[in-house]
Each structure stands twice: as structure tokens, then as C-alpha cells.
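For the numbers below, each heavy atom of this structure counts, side chains included, while hydrogens, waters and symmetry mates do not.
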Amino acid sequence: DIAATPAFARRHGSRAPEISAVIVIGIGFMIAALVFVLAKGYERQQAAHWEQEQLANSLPHLVWTCDAEGSCNFLSRQWVAYTGIPQEPQVGTGWLEQVHPADRAALMTTWQRSVASGTPFVAEFRIRRHDGVYRLFYTRAEPIRSETGAVLRWIGSNTDIEDRSQAERRVRALLEEMESRVAARTADLDRANRDLKNILNSIPSMIA
């Protein structure tokens, strides 16, 4: 047998059982509604993330995302295929192992500066391909912000510019070679003019 204590009866005796039932049912509905809203919000968030991943995987560039602190949490299929290494060991800072050792220090300095200031990240560095060959990439990342302006995460992409870079180096080398040839030819002409002037000045005749 269960019975209320006298103190409990005095404190709650004025409330009708129907009212208590309505209050309990109302609280139950409120909790259920809250759970439903949270679940729907989570589903929408997961769907948005899934759509973002599908979009990233459909692009020809190497696409990646990082959290607000700058730790990598997603690498597109193109990045995984290019490096030949699964995503799991490359998240966090594992991706840095694929960057040319000579480029890492300057790259991380620039990246940490962008994360600290919340400004776009732009850099050029070499990434190792699955066959061990390093190719130069142009990289840009933008911060994704909340309505209040706080950085939520980063999304970036790497574009292969190795062929363009090699073409630019060939053009620069060609220009330097042409400038060297022009300088040598100009020096030859100066010497020829001096020799001609000396010859003319040595002739006793009047020459015009």
C-alpha cells in the first residue's frame, strides 16, 4: 500500500488530480517536441554535411575542410587518390607528411596566421603524389562563419599548377638568355664602333 505523507498531502492536496495529469502530459509533450526539433536539426546538419562532401568529391581539385582551430577533418576523394593514402591517417595534421619538407615551415606559419586572424589563406607548396613525385599546388581556403561572425570551419582547395610553373620557368630562362645575348651583341657593336673610330682617326685623309 502506498500513501502520501501528511506533509505531502497538505502541500499538494489542493491540486486536483486532473490538473496534475494535464501538467504531466503537457511536460511530456514539451519534452517530446524538444527532442523532435533537436533530432530534425541534427538530421538537417548531417544532410548538409553529406551534400558538402558530395560536392567536394565531384570537383577536380583537392578539396579539404578544417575545424575552427585549423585541424583537418575531411579530405576529398581526389586528395586521397592523388596521395595514395587513406583519409584517416591524414586528418588532423597527418596531411603535412605529404608536403615537401622544404615547404612545411613557411606553410604552417602562414596557415596558423590565417587561423588566428580569421583571414583567407593563400599559399603555394609542393604535395607528394602517390608515385613519390612532388607537384606544385596553388592553395586557397576561406573561413565559414556563423551569423555572429565566429569562424565555424575552413574549406579549402588545392589546384595543380606544376605545368604552368614549369612553363613560367622556361619563359624566364628564355628571357634571361635573350637578355644575355642582347647584352653580348651590344658589347660587340660597341667594340666594333670603337675600332672603326680608331681606324678612321688614324687615316691622314679628311673623311666625312
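- Atom CG of Asp103 is separated from atom CE of Met108 by 13.0 Å, given to the nearest 0.5 angstrom.
- By the salt bridge (Lys or Arg N to Asp or Glu O under 4.0 Å) test, Arg128 is found to be paired with no residue, residues two or more places apart in sequence or in another chain being considered.
- Checking side-chain atoms of Arg185 against main-chain N and O of Ser180 turns up no donor-acceptor pair under 3.5 Å.
- For the pair Val63 and Trp79, the minimum side-chain heavy-atom distance is 4.5 Å or more.
- Side-chain contact between Arg129 and Arg135 is present, with at least one heavy-atom pair separated by less than 4.5 Å.
- Residues Arg181 and Glu177 are paired through a salt bridge, judged by an N-O separation under 4.0 Å between the basic side chain and the carboxylate.
- The backbone N or O of Phe137 sits nowhere less than 3.5 Å from a side-chain atom of Glu124 that would complete a donor-acceptor pair.
- By the 4.5 Å heavy-atom criterion applied to side chains, Glu162 and Gln166 are counted as neighbours.
- In this structure a side-chain-to-backbone donor-acceptor pair under 3.5 Å is present from Trp111 to Gly70.
- Counting only heavy atoms from C-beta outward, the side chains of Arg113 and Thr110 approach each other to under 4.5 Å.
- Under a hydrophobic-cluster definition in which Ile, Leu, Val, Met, Phe, Trp and Tyr are linked whenever side-chain heavy atoms come within less than 4.5 Å, directly or via other members, Ile155 and Val122 are assigned to different clusters.
- Judged by distance alone, the side chain of Glu142 and the main-chain N or O of Pro120 form no donor-acceptor pair under 3.5 Å.
- Side-chain contact of Asn73 with Trp64: a donor-acceptor pair under 3.5 Å is absent, judged by distance alone.
- Contact check for Tyr134 versus Val99: no side-chain heavy atoms found under the 4.5 Å cut-off.
- Nearest heavy-atom pair across Leu136 and Asp160 is O-OD1, 3.5 Å.
- Atom CD in Glu168 sits 11.5 Å away from atom CG in Asp163 (nearest 0.5 Å).
- At distances below 3.5 Å, at least one donor-acceptor pair connects side-chain atoms of Thr109 with backbone N or O atoms of Ala105.
- If you take OG1 on Thr186 and CD on Glu179, they are separated by 11.5 Å, rounding to the nearest 0.5 Å.
- Ring planes of Trp95 and Phe125: tilted class, angle from 30 to 60°.
- Between the side chain of Arg194 and the backbone N or O of Leu189, no donor-acceptor pair lies under 3.5 Å.
- Residue Thr93 holds its OG1 atom at 10.5 Å from CZ of Arg104, rounded to the nearest 0.5 Å.
- Residue Leu75 comes nearest to Gln87 through the heavy atom pair N-OE1, 2.8 Å, listed as atom of the first residue, atom of the second, then distance.
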| query | Going through the checks in order, is the side chain to side chain contact (heavy atoms under 4.5 Å, CB included) test met by Phe121 and Thr139? | reply | CA-CA 8 Å; Phe121 168 73; Thr139 301; 3.8 Å; yes
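- Evaluation of the side chain to side chain donor-acceptor pair (under 3.5 Å) rule for Thr83 yields Gln90 as partners, not counting sequence neighbours.
- Looking at every heavy atom in both residues, Gly118 comes nearest to Val151 through CA-CG2, 4.5 Å.
- You'll find the side chain of Cys72 reaches within 4.5 Å of the side chain of Cys66, heavy atoms only.
- Hydrophobic clustering keeps Tyr138 apart from Leu96 (ILVMFWY residues linked when any side-chain heavy atoms are closer than 4.5 Å, directly or through intermediates).
- Here the side chain of Tyr82 pairs a donor or acceptor atom with the backbone of Ile127 at under 3.5 angstrom.
- A distance of 8.5 Å separates OG in Ser157 from CG in Leu62, rounded to the nearest 0.5 Å.
- We find the OG1-CD1 distance between Thr65 and Ile144 to be 10.0 Å, quoted to the nearest 0.5 Å.
- Residues Asp67 and Arg153 form no side-chain contact, since every pair of their non-hydrogen atoms from C-beta on lies 4.5 Å or further apart.
- In this structure, Ser71 and Gly92 approach most closely via the heavy-atom pair OG-CA, 3.4 Å.
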